[in-house]
2 protein chains.
Amino acid sequence: MQDPVDRILDQWRTEMPGIDPTPMGIIGRLSRAASAVESRLAETFKRHGLDASSFDVLATLRRSGSPFRVTPVALARDAMISTAAVAQRLNKLEKRGLILRDENPDDGRSTFVTLTPAGKALVEQALPDHLATERALLGNLSTEDQTLLAHLLGNIFTTASELSSARP
Amino acid sequence: MQDPVDRILDQWRTEMPGIDPTPMGIIGRLSRAASAVESRLAETFKRHGLDASSFDVLATLRRSGSPFRVTPVALARDAMISTAAVAQRLNKLEKRGLILRDENPDDGRSTFVTLTPAGKALVEQALPDHLATERALLGNLSTEDQTLLAHLLGNIFTTASELSSARP
DNA sequence: TATTGTTATACTCTATAACTATA
DNA sequence: TATAGTTATAGAGTATAACAATA
């Protein structure tokens with residue numbers, strides 16, 4: 001059974017017999033799977049007036065527990081983006097009344113980002129739908145396969161992170 | 001052993017005991033792995049004066065075999081982007097002398113995109129380095145694990161594609 | 001001096017729409 | 001009418017740099 005990725009590998013084997021394209025099969029499928037999954041998740045978010053980055057912020061606040069308050073630095077670390085990018089995400093969410101920014105009385109430099117009742121309601125409304133989509137995406141995999149997949153992906157993530165920090 | 005994704009799942013289990021966040025563990029690791037891998041690949045491409053989308057086009061042309069000629073529609077299908085996006089990728093590559101556009105004498109609407117000798121040389125120079133990076137990213141996985149991972153990812157990709165086309 | 005957070009700015013990538021030309 | 005391809009344009013998202021304020 002030939003899928004598009006297998007056909008690509010065959011082309012390479014014919015054209016460049018000296019090189020082994022096997023790794024492309026795994027990395028290629030990783031990219032394609034991630035991108036297809038992303039599209040499905042985006043559809044779900046859109047139904048709730050959200051996108052992945054907005055949901056990301058709201059979900060981080062929600063799962064942090066009462067009082068649903070996190071600093072921008074923590075949000076940046078969590079999402080692996082710059083604090084400037086966080087500030088712009090927050091501007092959008094603040095305009096919509098989904099989060100608000102408070103001063104930190106103990107540290108004048110710092111800001112508290114807090115989920116508003118509207119923001120909490122929205123993320124709690126989107127969450128079950130989001131999880132249903134994720135469950136559907138995994139629907140063909142047994143529990144054992146899912147556990148295995150999580151481990152394999154975790155391994156790649158770790159390797160990729162170490163590769164990066166290995167270059168000074 | 002707790003990784004960041006496990007901590008996120010624990011937070012959800014505490015905050016929303018009614019919902020099962022397990023699918024987030026797999027989908028979350030898929031996104032993170034893909035994004036970390038993408039960063040590593042980008043570093044390699046950069047060393048050769050390329051980025052992922054440019055490499056993508058050049059590689060498609062190269063592996064198509066002599067005369068290294070493909071139409072924009074085929075490139076769009078292959079990369080899963082619009083033909084307008086392809087035209088803009090081609091403009092960049094054409095300015096750099098890495099591809100050229102010819103008319104199709106048999107169909108006046110159609111264009112042939114051809115790899116120049118410079119484009120061929122560049123992609124052939126980048127290819128071994130690119131594969132070495134991919135191999136390094138998979139370095140901790142046995143051959144069996146890699147085969148398994150390819151199957152699991154293929155399964156998710158298929159499910160995601162069917163989910164999408166299932167909505168009319 | 002280092003940290004927190006923001007804005008201004010520029011960059012990259014994409015899709016949509018409008019258009020030309022050919023089949 | 002449908003297909004191939006292009007440009008113009010706008011939108012989304014990011015990072016870098018510069019800055020203000022506080023630690």
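Convention: sequence-line order gives letters A, B, ...; per-chain numbering from 1.
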Spacing between B:Asp102 atom CG and D:dG5 atom P, to the nearest angstrom
13 Å
Take atom CG of B:Asp106 and atom C1' of C:dT22, then tell me their distance rounded to the nearest Å.
13 Å
Which nucleotide, C:dC13, C:dT16, D:dG5, lies nearest any side-chain atom of B:Ser53?
C:dC13
Answer yes or no: does a side-chain N or O of B:Arg101 lie under 4.0 Å from OP1 or OP2 of D:dT6?
yes
Could you tell me whether B:Glu38 atom CD has more than 12 heavy atoms of other residues or ligands within 6.0 Å of it?
no
Please confirm whether the shortest side-chain N or O distance from A:Ser110 to OP1 or OP2 of C:dG5 is below 4.0 Å.
yes
A:Ile81 CD1 to C:dC11 C1', straight-line distance once rounded to whole Å:
17 Å
Any idea which of D:dG5, C:dT14, D:dT7 is nearest the B:Ala87 side chain?
D:dT7
Rounded to the nearest angstrom, tell me the gap between atom CZ in B:Phe112 and atom P in C:dT22.
16 Å
At under 4.0 Å, does any side-chain N or O of B:Lys92 touch on OP1 or OP2 of C:dT12?
no
Please check if atom CD in B:Glu103 has more than 12 non-hydrogen atoms from other residues, nucleotides or ligands closer than 6.0 Å.
no
When we call it a touch if two heavy atoms are under 4.0 Å apart, what does B:Asn91 touch: a base, just sugar-phosphate, or nothing?
sugar-phosphate
What is the nucleic acid contact for B:Thr83, judged by heavy atoms within less than 4.0 Å: base, sugar-phosphate only, or nothing?
base
Might you point out which heavy atoms bring A:Arg135 and B:Asp20 nearest each other, and give the distance in Å?
NH2-O, 3.2 Å
Residues which pass ring pair (Phe, Tyr, Trp, His ring centres under 6.0 Å) with A:Phe68, listed by chain and number, not counting sequence neighbours
none
Let me know the distance between CG of A:Leu75 and C1' of C:dT6, rounded to the nearest Å.
15 Å
In terms of side-chain heavy atoms of B:Gln88, which of C:dT14, C:dG5, C:dT6 is nearest?
C:dT14
Choose from C:dA15, C:dT14, D:dT16 the nucleotide whose nearest atom is closest to any side-chain atom of B:Arg89.
C:dT14
Between C:dC13 (P) and B:Leu90 (CG): distance, integer Å
14 Å
What is the distance, to the nearest angstrom, from the NZ atom on A:Lys46 to the P atom on D:dG11?
14 Å
Given B:Lys46, B:Arg47, B:Arg40, the one that forms salt bridge (charged side-chain N to carboxylate O under 4.0 Å, His left out) with B:Glu43
B:Arg40
Scan nucleotides 17-22 of chain D against the protein and return all N/O pairs shorter than 3.5 Å with their distances rounded to 0.1 Å.
residue : atom : partner  : partner atom : Å
D:dT22  : O3'  : A:Gly108 : N            : 3.2

Between B:Asp51 (CG) and D:dA15 (P), how many Å, whole number?
17 Å
Just by distance, with hydrogens left out, do B:Asn155 and A:Arg29 show a side-chain donor and acceptor under 3.5 Å apart?
no
Contacts of A:Arg69 that satisfy salt bridge (charged side-chain N to carboxylate O under 4.0 Å, His left out) - sequence neighbours left out
none
